[in-house]
Amino acid sequence: MLENDSKKHHVLSFVRRKGRLDDRLQRAWQRYAPDYLLGINEGNGSLALKPGFVLDRGFVNSVWGNDRPLIIEIGTGQGENIVAAAQNHPEKNFLAVEVYDPGVAHTMLLAGKLRLSNLRIAQINAPELFESGEDDLVEEVWTFFPDPWPKMRHHKRRIVQPDLASNVHRVLREGGVWRLATDIEDYALHVHEIMDGREDFINDGSLTVSLPTEHVGKGTADRAALLPHDDFTEATRYEGRVLTNFEKKGQAAGRVIHDFTYRTR
């Protein structure tokens with residue numbers, strides 16, 4: 001069942017469910033939450049922001065203790081990608097945004113083992129966080145392999161939506177980028193429809209790919225090859241994205257990875 005934690009209505013891009021934590025992840029949560037998990041939620045168990053919270057330079061400075069470039073990943077899963085990035089780039093700050101307990105705990109575990117000081121985690125509804133963001137605050141936003149919501153009636157729950165794109169643009173610095181990736185062809189079409197016509201972002205890709213020009217849903221994806229196709233511009237694989245277990249499974253299943261780089265105008 002879908003829940004809404006915010007007083008303002010949001011169409012959530014996730015199903016609110018509690019994943020079970022095994023003993024190892026329970027210990028990781030207890031040990032590392034004070035170091036990594038931001039206390040910006042409205043209440044215990046809530047995924048809504050505290051009333052009046054603002055993600056601004058003052059907050060970043062108080063948490064990270066510096067004003068280094070900030071990178072935010074929406075939907076960090078098990079944390080493999082953002083932890084590797086934080087380890088490889090100590091000169092930057094990283095914020096992992098994830099709603100599911102096991103993913104949050106595993107991210108803490110990876111970061112804690114490496115004693116990373118430049119990573120924090122927000123267990124929060126991402127669109128609300130970006131609504132609260134200060135203008136020109138963030139260097140990059142990453143959204144890699146978001147939930148595809150394959151049923152046609154659920155496409156409105158996909159995280160990439162016009163309102164989020166507007167807020168991502170607002171919080172990005174001049175020349176900042178939103179990097180996305182998906183291994184679902186229909187989601188790639190969805191990204192192009194939301195992003196390519198915008199005047200505030202430039203599609204900074206260099207590859208030409210062919211995609212169906214009509215959407216398919218769960219149970220009708222086999223029709224995609226028979227639909228009319230058109231050419232779209234996409235990006236080469238972002239070198240800063242590690243090859244996670246999730247991506248490996250998609251490749252093993254024969255799915256094509258679609259990468260996107262949208263740069264602010």
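Only a predicted model underlies this, so the values are computations on that prediction, with no experimental measurement involved.
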Using modelled atom types only, decide if a donor and an acceptor are shared between the side chain of [X] and the backbone of [Y] within a distance under 3.5 Å.
X    : Y    : answer
E98  : G77  : yes
T107 : V83  : no
R170 : E131 : yes
N66  : W64  : yes
E42  : L49  : no
N88  : A84  : yes
H258 : E234 : no
N93  : V60  : no
R255 : A252 : no
R157 : W149 : no

Would E247 and R241 count as a salt bridge (charged side-chain N to carboxylate O under 4.0 Å, His left out) here? Give the steps. CA-CA 10 Å; E247 186 171 352; R241 190 178 82 242; 2.9 Å; yes

Would you say [X] and [Y] make side-chain contact, with heavy atoms under 4.5 Å?
X    : Y    : answer
I124 : N41  : yes
F144 : T244 : no
P127 : I159 : yes
M108 : L25  : no
E185 : V216 : no
L55  : V171 : no
N81  : W142 : yes
R158 : D186 : yes

Intermediate values then yes/no, side-chain contact (heavy atoms from CB on, under 4.5 Å), H190 and Q161: CA-CA 9 Å; H190 174 83; Q161 299 293 344; 3.9 Å; yes

Which distance, rounded to the nearest 0.5 Å, do you find between the [atom1] of [X] and the [atom2] of [Y]?
X    : Y    : atom1 : atom2 : answer
L180 : Y238 : CG    : OH    : 12.5 Å
L189 : T182 : CG    : OG1   : 11.0 Å
L172 : L70  : CG    : CG    : 10.0 Å
Y100 : T76  : OH    : OG1   : 12.0 Å
I82  : I121 : CD1   : CD1   : 8.5 Å
L116 : D35  : CG    : CG    : 11.0 Å

Does L110 form a side-chain contact (heavy atoms from CB on, under 4.5 Å) with Q87? I'd like the steps, not just the answer. CA-CA 10 Å; L110 294 178; Q87 182 185 19; over 6 Å; no

How far apart are the C-alpha atoms of D183 and Q251, what are their side-chain angles, what is the distance that settles it, and do they pass the side-chain contact (heavy atoms from CB on, under 4.5 Å) test? CA-CA 8 Å; D183 59 358; Q251 291 178 337; over 6 Å; no

Does one hydrophobic cluster hold both [X] and [Y], with members joined at side-chain heavy-atom distances below 4.5 Å?
X    : Y    : answer
Y262 : L211 : no
F53  : L164 : yes
L243 : I184 : no
I74  : F59  : yes
F232 : L227 : no

Tell me the salt bridge (Lys or Arg N to Asp or Glu O under 4.0 Å) pairs involving residues 64-82, sequence neighbours left out? none

Determine, step by step, whether N245 and Q78 satisfy the side-chain contact (heavy atoms from CB on, under 4.5 Å) criterion, reporting the C-alpha distance in whole Å, the side-chain angles of both residues, the deciding distance to 0.1 Å, and the verdict. CA-CA 9 Å; N245 289 328; Q78 299 297 303; over 6 Å; no

Minimum heavy-atom separation for [X] and [Y], please, with both atom names.
X    : Y    : value
A235 : T261 : CB-OG1, 3.6 Å
L95  : L129 : CD2-CD2, 4.1 Å
P162 : I194 : CD-CD1, 3.7 Å
W29  : L21  : CE3-CD1, 4.0 Å
R237 : V242 : NH2-O, 3.5 Å
H229 : T213 : C-CG2, 3.9 Å

Answer yes or no: is there an ion pair linking E199 with R265, defined by an N-O contact shorter than 4.0 Å? no

Do we see a donor-acceptor contact under 3.5 Å between the side chains of N118 and E91? no

Is there a donor-acceptor contact under 3.5 Å linking the side chains of R198 and S166? yes

Quickly, which of D163, N167, N125 forms a side-chain contact (heavy atoms from CB on, under 4.5 Å) with F130? Name it, please. N167

